[in-house]
Structure formats: C-alpha cells, structure tokens
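The structure under discussion appears below in the form of structure tokens.
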Amino acid sequence: MLVLGIETTCDETAAAVVRRNASGQGDILSNIVHSQHDDHRAFGGVVPEIAARAHVEILDDVIRRAMAEAGVNFTQLDGIAAAAGPGLIGGVIVGLTTAKALSLVTGKPLLAVNHLEAHALTIRITHRLGFPYLLLLASGGHTQIISVEDVGRYRYIGGTVDDAIGEAFDKTAKMLGLPYPGGPEVERYAMNGDPGRFTLPRPMIGRPEPNFSLSGLKTAMRMEAARSAPLTDETVADLCASFQAAIVDVIVDRIRVALGMLRNSAWKPRALVVAGGVGANRTIRGALSAIANEAATPLMLPPPELCTDNGAMIAWAGIERLSRNMIDGLDVSPQARWPLSQTAAA
Ligand code: KG4
Ligand code: ZN
C-alpha cells in the first residue's frame, strides 16, 4: 500500500510518500518538510495569514519533490491523504483542497486525516506495536494523554487546562529574547544552565487526574526573568534549565498517574509512546525512559524528525485508514477544531 501524505495545518508545508512493508511498518520513500520558520520569526510566532499564503506558494513544489524523490508516479499510488484539521484553517484548506484535486484527477481514494490521529499513530511507522498504548501528545498546539485503543478509537485520559507544553516553551523563549520556535532554543540553553537556580512552581503535581496547567509556570518565569534583568547568557541558561526541570517534573508525575489509572484495566498499555514536537526534547525523552522503567512498560519514541510535523505521519495515518476502508468523499470539510474523540472508527 502506497500513499501520498500532505501536511499544512500549521507552519510546516510537508509532503511524503510512504509504503507499508511486508512486516507491517512503513517505508518512508520521501519526506519533504519546508519549514516556514523564517517567514514567522520576526513576529515571534505563527501568523495564520502568512502561513496560508506560504502554503499556497510552495505546496505544489513540495509535492512534486516528494513524488520525484520517492520515484513514483500518481498512477502507482493507492491513496492521497491530507490533514483535514485541526489547525489554522487557511492552511488546512490549501492542503485538503490540493488532495481533493489530486484525488479527482487520479481517481485515487481521498483520506482526510486528523492531524492528532497522525501524531498518535506515528510510532507504528517505525515500531511493531499493537493496541492499546498510552500516548503523550505534546506539541505547540496540543497537550494530551490518550489511550490509543485502535485506529479511530482514542480515549482522552487527561490534558492541559490552559497552555500546551510546546506553547510554554515558545513563550518562555520569547520572553528571554530567543527566536521562534522556542523549544529547541530553550533545550540548547538549558544544557549549560543550572536547573536549581530558580525555584519555579510544578502546577498540578499530586493531583489525581492526569491533567496539566502551565499558565502559572509561565507567569512565574516572567517574574523571575523581570527580576533578573538585564539578562546575561548565564542567567538565560539558568532560567531555561529551571523551566525545563519544572516541565520534566510535571510530565513525569502526570504520566505516572495515567499509567497507574490504566495498570489494572482492560486497557493496560503495551507501551508508553510520545508524539509531537516536544517529544524531540532529549531531557524529556530521558525522563520518560525512567518512568517507563519504573512502570515496567516499554517506552517507544519516534525519531525526532517524525515527532515534529511532517507528511510521513499523514501518509501513514492514511495507510492505516485505507487498510480499514475508512475512505472519505470529496465533500469532506476542513476543520479548525477537531477533537480526536470525534475521529470515528467507521
Ligand atoms: O508537533 P509540532 O511540530 O507542531 C504542532 O503540531 O504544534 O510541535 C511544535 C512544537 C513547538 O512549540 C516547539 O517549540 C516544540 O514543539 N518543540 C520542542 C522541541 N522541538 C520542538 N519543545 C521542546 N524541546 C524541543 N527540542
Ligand atoms: Zn503537530
């Protein structure tokens, strides 16, 4: 099964061709990601109108490159997948409309993929893993703990009541004068910083439901940064390290609670899995490895380039859906909001 995947929900214009191999995982034949970071950097975050225009300008070329690098033509494809939401609606319309046009012209089935579902299933590209598994989905727009019970069957276990974890990284970076996207910058500075220099709150730790709240941590960071102004490189590093340490403590505690909730249930997870851009953070990956060990649950991590937004995860979710005959009509609508729980199994 060979599928083209198109991703345009945020500030990455991406296309990829993925084939399911004999052992049931995915061979990524091409994975072109054009990051618009340069277009948005001056604004310290993604500007929806700029993103939509950039997708229009570059998507055709990104798809052409993905097809050429994979060495396949459209007649060889079994399906055409695009992220149909959730995300910035202008970008979603560009990607989904392009996929509809390709589907119409080639006669290949259209697969309208939920971007969150694509993150949730990414691990199955590279790992042989059956359902159920426990997923920490942590990106710029989303922070959720989900029990992945089948394709199209996702149970919400907990999530953030305010900011997403990636958003907290991005806002921290912005207040410290570091460029967008902030996650990798904060991680880089944190490597040389003292995580014990600033005492920051660990919101929600100890609560029985595995939820997150990050706005209080953000406010505390803002106050510490203001108190330490003007900021030296050393102070920025210490602030980044202290922030990252607080986030890590919160994640570990919240995942421990979630694993505990499911331990004796029919949905005991076969593995702990991470997805979304924050999953690329090495300190967070290390902390999750410790918690998985403690719970005697395998930890499975996609390679960092499959954690951040990409077309391969959309193509793969398309393959998973196509193999279950979950095909969409050309009348399917793009959706700015689209909770995973509403991604029906049939
Ligand atoms: O999944 P993703 O590429 O896009 C969304 O769907 O949001 O995630 C992007 C987010 C950004 O907030 C970015 O700062 C964060 O993931 N991120 C990181 C790291 N790399 C990306 N956060 C922490 N550490 C990183 N190394
Ligand atoms: Zn994403």
Side-chain angles (χ1 to χ4, degrees), residues 5-14 16 31 33-37 40-41 44-46 48 51 55 82-88 91-92 95 113-123 135-144 146 159-160 163-176 178-191 193 212 214 217-218 221 240-241 243-248 250-251 273-288 301-314 316-317 336-340:
I6 298 170
E7 160 59 37
T8 55
T9 63
C10 192
D11 60 344
E12 254 85 41
T13 313
N31 194 14
V33 180
H34 174 84
S35 274
Q36 304 173 4
H37 295 160
H40 300 283
R41 191 158 286 137
V46 179
H55 288 305
L88 302 173
V92 177
V113 168
N114 182 313
H115 177 91
L116 303 176
E117 173 172 50
H119 276 304
L121 298 173
T122 294
I123 194 67
L135 174 79
L136 171 65
L137 170 55
S139 68
H142 301 275
T143 293
Q144 299 180 5
I146 295 159
T160 183
D163 293 351
I165 297 178
E167 191 182 353
F169 270 95
D170 293 336
K171 287 179 175 168
T172 289
K174 195 173 181 180
M175 70 178 82
L176 299 178
L178 305 178
Y180 175 84
E185 292 291 323
V186 171
E187 177 176 24
R188 198 161 60 79
Y189 270 86
M191 278 193 300
F212 296 83
L214 298 165
L217 176 57
K218 180 182 65 191
M221 274 297 290
C240 287
F243 167 80
Q244 192 171 268
I247 292 274
V248 164
V250 170
I251 291 177
V273 172
V274 182
V278 178
N281 184 289
R282 271 155 295 195
T283 307
I284 292 174
R285 290 166 85 99
L288 288 168
L301 301 167
E305 68 275 14
L306 293 182
C307 284
T308 47
D309 288 349
N310 63 85
M313 69 179 194
I314 305 297
W316 178 254
R337 271 186 48 76
W338 186 4
L340 250 192

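For ligands, and for the atoms within them, numbers begin at 1 and follow the listed sequence.
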4.5 Å side-chain heavy-atom contact, Pro86 and Asn114: yes
Correct closest heavy-atom pair for Gly311 and Ala14 would be N-CB, 3.5 Å
Separation of Glu305 CD from Met313 CE (nearest 0.5 Å): 13.0 Å
Give the numbers and elements of all ligand 1 atoms closer than 4.0 Å to a heavy atom of Gly276. 1 (O)
Got a donor-acceptor contact below 3.5 angstrom from the Thr143 side chain to the Ile165 backbone? yes
Is there a heavy atom of Cys10 sitting under 4.0 angstrom from any atom of ligand 1? no
Taking 2.8 Å as the distance threshold, tell me the number of protein N/O/S atoms next to the Zn ion (ligand 2). 3
Under a 4.0 angstrom heavy-atom cut-off, which atoms of ligand 1 come close to Gly166? 12 (O)
Within 4.0 Å of some non-hydrogen atom of Gly141, the atoms of ligand 1 are 7 (O)
Check: Pro181 main-chain N/O paired with Asp170 side-chain donor or acceptor under 3.5 Å: no
Taking atom CZ of Arg282 as the centre, does the number of heavy atoms from other residues, nucleotides or ligands within less than 6.0 Å exceed 12? no
Specify the protein heavy atom at minimum distance from atom 26 (N) of ligand 1: its residue, its atom name, and the distance to 0.1 Å. Glu187 OE1, 2.8 Å
What protein heavy atom is closest to atom 18 (C) of ligand 1, reported as residue, atom name and distance in Å? Gly183 CA, 3.5 Å
Is it true that a side-chain atom of His55 and a backbone atom of Cys10 form a donor plus acceptor pair closer than 3.5 Å? yes
Among non-hydrogen protein atoms, atom 4 (O) of ligand 1 lies closest to Asp309 OD2, 3.1 Å
Subset of ligand 1 atoms that lie under 4.0 Å from at least one heavy atom of Thr308: 3 (O)
Before giving the answer on side chain to side chain contact (heavy atoms under 4.5 Å, CB included), spell out for Ile146 and Leu116 the whole-Å C-alpha distance, their side-chain angles and the decisive distance to 0.1 Å. CA-CA 11 Å; Ile146 295 159; Leu116 303 176; over 6 Å; no
Polar contact flag for Phe169 and ligand 1 (N/O pairs, less than 3.5 Å): no
Using a 4.5 Å cut-off on heavy atoms from C-beta on, say whether the side chain of His115 contacts that of Asp309. yes
Side chain to side chain, Glu12 and Thr308, heavy atoms closer than 4.5 Å: no
Given side-chain hydrogen bond (donor to acceptor under 3.5 Å, both in side chains), test Glu187 with Thr283 step by step and report yes or no. CA-CA 8 Å; Glu187 177 176 24; Thr283 307; 4.8 Å; no
So which heavy atom in the protein is nearest atom 7 (O) of ligand 1, and how far is it from that ligand atom? Gly140 N, 2.8 Å
Quick one: which of Ala138, Pro181, Gly277 has a heavy atom closest to atom 1 (O) of ligand 1? Gly277
Asn281, portion touching ligand 1 at heavy-atom distance under 4.0 Å: both
Which atoms of ligand 1 are found less than 4.0 Å from any heavy atom of His115? 6 (O)
Ligand 1-proximal atoms of His119, by part, heavy-atom distance under 4.0 Å: side chain
Find out whether Lys218 and Thr172 are in side-chain contact, i.e. whether some heavy atom of one side chain is under 4.5 Å from a heavy atom of the other. no
Where does His142 meet ligand 1, judged by heavy-atom distances below 4.0 Å: at the side chain, the backbone, both, or neither? neither
Are the side chains of Leu217 and Ile247 in contact, using a 4.5 Å heavy-atom criterion? yes
Under 4.0 Å to a heavy atom of Asp170 - the qualifying atoms of ligand 1, by number: 11 (C), 12 (O), 13 (C), 14 (O)
Do Trp316 and Leu306 have side chains that get closer than 4.5 Å, going by heavy atoms? no
